[in-house]
Amino acid sequence: MPQNFALVDCNNFYVSCERVFDPSLEGRPVVVLSNNDGCCVARSNEVKALGVKMGTPWFQLRELAERHGIIARSSNYTLYADMSNRVMGILAGFSPCQEIYSIDECFLDVTGFVNVDLTGYGQTIRARVSRWVGLPVCVGIGTTKTLAKLANHVAKKRPQYDGVFDYGTLADSEQAALLESIDVGEVWGVGGRIAARLQRRGITNVLALREADPKILRREFGVTLERTLRELRGESCLDLEEVNPPKQQIMCSRSFGQPVMRLAELREAVTAYTARAAGKLRAQNSVAGAVHVFVNTNLFKPNEPRYQAGLAVPLLVPTSDALELAKAAIGGLEQIYRPGYRYQKAGVMLLELDSARSRQSQLFDEPEADAAERRKRLMKTLDEVNRRMGKGALRLAGEGLQQRWKVRSDYKSPCYTTRWDELPVVSAR
DNA sequence: TCTGGGGTCCTAGGACCC
DNA sequence: TCTGGGGTCCTAGGACCC
């Protein structure tokens, strides 16, 4: 039986989350900014209509924002993650198989829904998510993941479909006409670079890509694009992945709210980032065999002295212990630090990850084993306290108290759904 | 003044081995 | 004058995604 996939995607997800809790934003131009209020990572339709591109730096928009009353929000990932969990929970009820692909979209397996009007099914999904959590979604349906993605794009862009589009309902000639009307760059897996190269060869729309010679494409662009082409032809090459395998690397990095020059402050930041990364590491029950630490100055400033450096520090015994990982990261930092630069960013990457379980048979001396056991309990307590009392309730001393390097977020909304003291207050008259 | 963060996969080329 | 061939592993870099 041919497979069939639905891709459900929230519209302007971050902006829509903000609107759920602040209805005054409805109908107005809204952007959500990246960390440090750097650039736009989500735009309302009103903002898109003004021609603002994804990733535009906020400071470049000041004038336009003033003229059109654009409202900015700092990103509130705690809120978005919680809203995402609610949406994914609802969507899970619509299919036995779900792949959560990103914070705002998931694939549902709708293979074998033979007596179901899938367009109507999509409308039911839209209505339920809207009613239960207040977020708008669009649904695209196709016999491969790539076609479902493309169908979702159509559902979003063409109002006549009212947010749901099933590619399979079109006759062959209609499919061809549709594909011909869509830019090749809209295809999942075709980014800016490849789109430009394809266009130079006259492959400008999706139909041309579908009709290209797979062998030539593979030779010129690699196996990934060949797969994309096959998927466009309806040959499913990408399966639904219900369980996500453990991460192979875990990273935590941030740009600073203001430039940092002193080693002492970099140490604080690197300690804090390592603690974050180690928390994620323990959450997936892994240990790391190496820590990579890196720093850089602001690369956008051509007139300032530039410096970029990183170092991977191997660990004798793989671990998930925040204190040990931080010690290694700090050791690396001290080797790459050069005085006199205005540092703009630092980061930590945990590498050579392995399952914690496969490591249990380590041979230890008695006292060492004891110490290791105590540390493990300490980390467990740390995680538990932070889970119950909120992130950052318990921290490493090395993270510092002042944290002058911390990210800026001047326009942040409350964590309405995850902090007791920030619950929205509703009153009726 | 002000330009995000966190991932994956694939390929090419070098080192090394027999 | 002549100087193999093939496999594997690792790493860096490029491309993509949201």
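Note on naming: letters A, B, ... go to the chains in the order of the sequence lines (proteins, then strands), and numbering restarts at 1 for each one. The figures here come from the full heavy-atom set of this structure, side chains too, leaving out hydrogens, waters and symmetry mates.
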**Prompt:** OP1 or OP2 of B:dG6 sitting under 4.0 Å from any side-chain N/O of A:Ser253?
**Reply:** yes
**Prompt:** Thinking salt bridges, do A:Glu105 and A:Lys149 make one under a 4.0 Å N-O criterion?
**Reply:** yes
**Message:** Measuring to OP1 and OP2 of B:dT3, would you say a side-chain N or O of A:Asn298 lies under 4.0 angstrom away?
**Reply:** yes
**Prompt:** Can you tell me how far C1' of B:dG4 sits from CZ of A:Phe256, to the nearest Å?
**Reply:** 14 Å
**Message:** Within the 4.0 Å heavy-atom criterion, would you say A:Arg227 contacts the bases, only the backbone, or no part of the nucleic acid?
**Reply:** sugar-phosphate
**Test: A:Glu186 and A:Lys157 ion pair at under 4.0 Å** = no
**Asked** Nearest to the side chain of A:Thr224, which nucleotide is it out of B:dG5, B:dC10, B:dG4?
**Response** B:dC10
**Prompt:** Hey, does the side chain of A:Lys149 come within less than 4.0 Å of C:dC18's phosphate (OP1/OP2), counting only N and O?
**Reply:** yes
**Message:** Quick check on DNA chain B: between A:Pro246 and A:Lys345, whose nearest nucleotide comes earlier from the 5' end?
**Reply:** A:Lys345
**Any A:Ser255 side-chain nitrogen or oxygen under 4.0 Å from OP1 or OP2 of B:dG5** = yes
**Pair A:Arg375 + A:Asp321, salt bridge at N-O below 4.0 Å** = yes
**Message:** Measure CG/A:Asp37 against C1'/B:dG4 and give the value in whole Å, please.
**Reply:** 11 Å
**Fill in**
The residue, A:Asn36 or A:Val223, whose nearest nucleotide of DNA chain B is more 5′ is A:Asn36
